Protein chains: 4
Amino acid sequence: MGKRSEETRQAILLAATKLFSKKGYEAVTMREIAKEAGCSHTTIYLYFKDKISLLQQLSMPSLQHLYQQLKEISSDESIASAEKLKAMSRQYLSFCLENQNMYSVFINARSGRVDEENPSLEVNQIRNMIFKELINAVSECLEIKDSETALAYTRIYYYSLNGILTTYAYMHESVEELMERLTPTFDLMAETFILGCIEKMKKGES
Amino acid sequence: MGKRSEETRQAILLAATKLFSKKGYEAVTMREIAKEAGCSHTTIYLYFKDKISLLQQLSMPSLQHLYQQLKEISSDESIASAEKLKAMSRQYLSFCLENQNMYSVFINARSGRVDEENPSLEVNQIRNMIFKELINAVSECLEIKDSETALAYTRIYYYSLNGILTTYAYMHESVEELMERLTPTFDLMAETFILGCIEKMKKGES
Amino acid sequence: MGKRSEETRQAILLAATKLFSKKGYEAVTMREIAKEAGCSHTTIYLYFKDKISLLQQLSMPSLQHLYQQLKEISSDESIASAEKLKAMSRQYLSFCLENQNMYSVFINARSGRVDEENPSLEVNQIRNMIFKELINAVSECLEIKDSETALAYTRIYYYSLNGILTTYAYMHESVEELMERLTPTFDLMAETFILGCIEKMKKGES
Amino acid sequence: MGKRSEETRQAILLAATKLFSKKGYEAVTMREIAKEAGCSHTTIYLYFKDKISLLQQLSMPSLQHLYQQLKEISSDESIASAEKLKAMSRQYLSFCLENQNMYSVFINARSGRVDEENPSLEVNQIRNMIFKELINAVSECLEIKDSETALAYTRIYYYSLNGILTTYAYMHESVEELMERLTPTFDLMAETFILGCIEKMKKGES
DNA sequence: TATGAATGAGCATTCATTCAT
DNA sequence: TATGAATGAATGCTCATTCAT
């Protein structure tokens with residue numbers, strides 16, 4: 001429980017976050033992480049069972065933090081529903097840009113192998129909770145009552161968000177720069193989406 | 001440049017395409033490709049400098065083929081503009097699902113290393129050409145004259161498409177199954193998008 | 001199928017045999033074997049799937065050869081039954097001394113883990129066949145008809161043989177030296193055993 | 001040399017004995033021993049130079065205890081000489097089964113490395129003393145005067161004992177189960193041996 | 001053109017051991 | 001006396017790549 005211990009742990013976590021984000025989970029080696037963290041590679045195993053466990057422990061707090069932030073926006077009654085959806089989306093976007101690796105591994109569960117052998121329930125759970133918040137926001141914004149419809153529209157909105165991400169995420173720019181560049185596109189997307197949904201539902205009714 | 005030579009080259013290309021698509025670039029070994037191609041793994045090096053080079057050379061024809069298909073749809077005057085956009089999108093989707101690996105490596109240039117060391121100009125070029133076709137289709141469909149506006153709207157449409165892809169691409173289902181599952185979502189997305197854009201532009205004008 | 005290939009394979013086999021015998025399976029590393037064989041450790045994997053597979057492939061021919069030798073003695077009608085048993089025993093002894101590692105790993109299946117995960121059926125099969133030959137020889141020699149009794153006596157004879165082995169096997173002497181030293185002990189043992197069995201059975205009958 | 005100190009030492013010794021017996025020397029880690037002993041793995045190094053040293057120090061008392069037990073039986077004049085031999089043998093057998101690891105490492109000095117680097121004189125000494133007790137028991141039982149003859153017969157008896165052991169020792173059964181299974185075989189062996197020796201000596205005399 | 005043989009660099013992981021407190 | 005923190009050396013194994021023919 002010494003101070004030294006926690007420092008090292010944090011150094012490893014920091015190094016891993018940085019490297020995973022930059023190069024992707026598979027491409028990073030334990031020795032690289034150790035070097036970046038300024039310790040021996042065996043030291044990592046003092047704090048984390050194995051490589052995948054390191055990734056998971058590294059991801060959970062971030063995801064939980066994101067979820068908290070979304071919840072907060074969601075429950076803030078002073079914001080109009082359309083603005084709420086936008087605010088949540090922006091939060092989601094900037095989180096994903098900041099945590100590129102987690103994004104690709106967990107949000108999209110890209111790296112097949114990982115989730116097959118390792119259900120990583122915790123991560124999937126929080127992912128579903130985040131998606132549920134999004135459904136709520138979309139339902140509220142579009143005044144949808146039917147849950148099937150809400151799901152369908154949220155899905156395409158969610159895909160659009162992720163589409164923006166995958167296209168920009170790999171770029172070697174700072175999060176700030178990226179957010180600045182992305183904002184107009186994102187705003188247009190959100191507005192178009194909302195208008196499109198309303199229009200589409202009108203037609204469906206008649 | 002005998003006949004035999006070209007046959008072997010094609011066999012390798014075919015095998016690599018198949019395996020990369022199925023398992024992803026990293027997960028496939030040169031020996032596997034050779035086995036599938038029915039030659040020795042050393043033979044591959046006669047035709048391709050290294051593994052990454054194989055991937056690149058392998059991608060170009062596919063991309064060119066996709067481009068041709070899109071052009072054909074684009075220049076077919078018998079199809080209504082909205083249907084044209086949808087048809088092109090479906091073509092794009094099924095191409096990406098069929099070539100999951102190229103998709104992730106080239107369309108999105110996801111895997112950092114690749115594009116750092118190797119600008120892969122050719123690939124980027126064709127990628128831009130494909131995007132231009134999409135801009136045309138969107139412009140036509142939404143009757144946009146201004147190229148800036150066209151770009152902005154196409155962008156969000158393109159992101160939405162890619163968003164659908166990244167979310168589904170990793171799933172271990174056949175392309176047919178995936179296309180069937182995706183079609184309703186995709187149709188809803190396309191219609192919502194078109195309606196949304198029209199509505200948005202109306203508002204912008206007034 | 002080149003000449004080089006078989007040479008290397010044999011070199012590896014030779015090196016492994018030598019090292020396994022000297023230090024035991026677990027204590028020998030693939031790198032050591034490679035060094036002794038004069039090749040890279042990766043080369044070993046060209047010829048043998050993994051370490052355990054190397055051990056098995058290395059053992060089978062020897063065991064088969066031993067079995068053939070025992071069969072030959074067994075079916076030689078010109079030898080008296082007591083001499084036959086002795087001859088077979090001597091063959092078994094010298095085989096085990098020459099192949100110390102196989103002896104400990106397979107005949108006694110000492111290294112628990114190995115045979116749990118890997119039934120190594122082949123090896124167990126031949127081991128049982130060898131034991132069966134021994135039962136025949138003992139039965140013939142002691143004129144035992146009942147198979148239960150034959151088994152019981154063979155068992156204690158077999159244990160005695162192995163007892164001699166385990167006690168001497170580890171010594172760093174040549175097989176010839178060992179055999180010379182062991183022969184009187186072994187002869188005494190065999191004779192005592194035969195006499196003892198006969199006497200014991202007499203008593204049992206009365 | 002406080003009381004605490006000796007307690008810890010004993011705890012380590014106890015833990016190591018238990019684990020070595022159960023899993024074998026190589027398979028046990030210092031951390032495991034420490035956990036079982038309820039101390040830090042670094043503490044072990046306060047009391048024992050290294051792992052092998054721990055094994056050696058741990059074995060001596062056990063061997064000494066075995067020796068004492070054998071002496072007691074040996075000097076008990078109320079038991080007939082044949083029964084004495086059997087009783088001592090059974091003691092030896094159950095000791096070896098209970099201490100599989102010590103048995104293989106020290107009695108038979110199986111694991112090459114150990115005795116090369118470390119003559120472990122103490123252990124060999126006690127081993128010889130135990131063997132001498134066995135010679136006495138055999139001499140008495142067979143009424144042998146000549147020490148050469150006594151040695152020869154004891155040797156084959158000892159080998160038979162060890163042969164039984166090596167064949168059964170590796171099995172994953174409890175000592176009780178094993179002893180039960182082994183007793184008939186062992187009794188038959190002992191009786192056959194005694195009868196055989198007597199018979200053999202008769203012949204030798206005439 | 002083609003390939004079997006061979007290899008160096010690298011991987012995640014484990015372990016006995018030492019250092020600093 | 002005791003220990004948490006840290007590590008170097010090693011292990012089995014894989015892979016893209018090169019060499020010699």
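Chain naming here is simple, since letters A, B, ... match the order of the sequence lines and numbering starts at 1 in each. As the structure is a prediction and not an experimental result, all values here were calculated from the model.
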Report task. Sequence neighbours left out, what pairs pass salt bridge (Lys or Arg N to Asp or Glu O under 4.0 Å) with at least one residue falling in residues 35-64 of chain A? Result ->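 Of all non-adjacent pairs touching residues 35-64 of chain A, those that pass salt bridge (Lys or Arg N to Asp or Glu O under 4.0 Å) are A:Lys18-A:Glu36.
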Query - First encountered from the 5' end of DNA chain E, between B:Ile44 and C:Arg9 - result: B:Ile44
Query raised in the report: Tell me, what's DNA chain F's dot-bracket, Watson-Crick or G-U with both distances under 3.5 Å, | for other-strand, [ ] crossing?
Result: .||||||||||||||||||||
Report task. By nearest nucleotide on DNA chain F, pick out whichever of B:Tyr45 and A:Ser40 is the more 5' one. Result -> A:Ser40
**Report entry** 5′-ward residue of the pair D:Cys39/C:Lys49 relative to DNA chain F
**Finding:**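 Final value for this comparison: D:Cys39.
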Would you kindly give the [atom1]-to-[atom2] distance between [X] and [N], to the nearest whole Å?
X: D:Ile12; N: F:dT3; atom1: CD1; atom2: P; value: 9 Å
X: D:Tyr47; N: E:dA16; atom1: OH; atom2: P; value: 20 Å
X: D:Glu6; N: F:dT1; atom1: CD; atom2: C1'; value: 13 Å
X: C:Leu46; N: E:dG4; atom1: CG; atom2: C1'; value: 9 Å
X: A:Gln10; N: F:dA5; atom1: CD; atom2: C1'; value: 16 Å
X: D:Lys51; N: E:dT17; atom1: NZ; atom2: P; value: 8 Å
X: C:Leu55; N: F:dG12; atom1: CG; atom2: P; value: 13 Å
X: C:Ile52; N: F:dC13; atom1: CD1; atom2: C1'; value: 15 Å

Tell me, please, which residues at least two apart from [X] pass side-chain contact (heavy atoms from CB on, under 4.5 Å).
X: C:Thr42; value: C:Ser40
X: C:Phe48; value: C:Arg9, C:Ile12, C:Leu13, C:Ile44, C:Leu54, C:Gln57
X: D:Thr29; value: D:Arg31, D:Glu32

Report task. Kindly write out the residues that satisfy side chain to side chain donor-acceptor pair (under 3.5 Å) with C:Gln10, not counting sequence neighbours, or none if the list is empty. Result ->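 Per chain and number, C:Gln10 pairs via side chain to side chain donor-acceptor pair (under 3.5 Å) with C:Glu6.
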At a cut-off of 3.5 Å, list every protein nitrogen or oxygen paired with a nitrogen or oxygen from nucleotides 19-21 of chain E, distance to 0.1 Å.
none

Query raised in the report: Do the side chain of A:His41 and the base of F:dT7 come within less than 3.5 angstrom through a donor-acceptor pair of N or O atoms?
Result: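 Result: no qualifying N/O pair found.
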Requested in this report: With heavy atoms under 4.0 Å as the rule, sort C:Phe48 into base, sugar-phosphate or nothing.
Outcome: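 C:Phe48: no heavy atom of the nucleic acid under 4.0 Å.
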Can you measure from [atom1] ([X]) to [atom2] ([Y]) and round to the nearest 0.5 angstrom?
X: C:Ser53; Y: C:Tyr47; atom1: OG; atom2: OH; result: 14.5 Å
X: D:Gln56; Y: D:Leu63; atom1: CD; atom2: CG; result: 11.0 Å
X: B:Leu14; Y: B:Ile33; atom1: CG; atom2: CD1; result: 11.5 Å

Requested in this report: Could you check which of E:dA6, E:dA16, E:dT3 has an atom nearest any side-chain atom of C:Thr43?
Outcome: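 Given the options E:dA6, E:dA16, E:dT3, the side chain of C:Thr43 is closest to E:dA6.
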Requested in this report: Please report the shortest heavy-atom distance between D:Ala11 and D:Ala37, naming the atom on each side.
Outcome: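 Scanning both residues completely, I find the closest heavy atoms to be O-CB, 3.6 Å.
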Report task. Search all heavy atoms of D:Leu58 against all heavy atoms of D:Phe20 and return the closest pair with its distance. Result -> CD1-CD1, 3.8 Å
Query raised in the report: Considering only heavy atoms, which members of residues 28-38 of chain D lie under 4.0 Å from some atom of DNA chain E?
Result: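 Heavy-atom cutoff 4.0 Å gives D:Val28, D:Thr29, D:Met30, D:Arg31.
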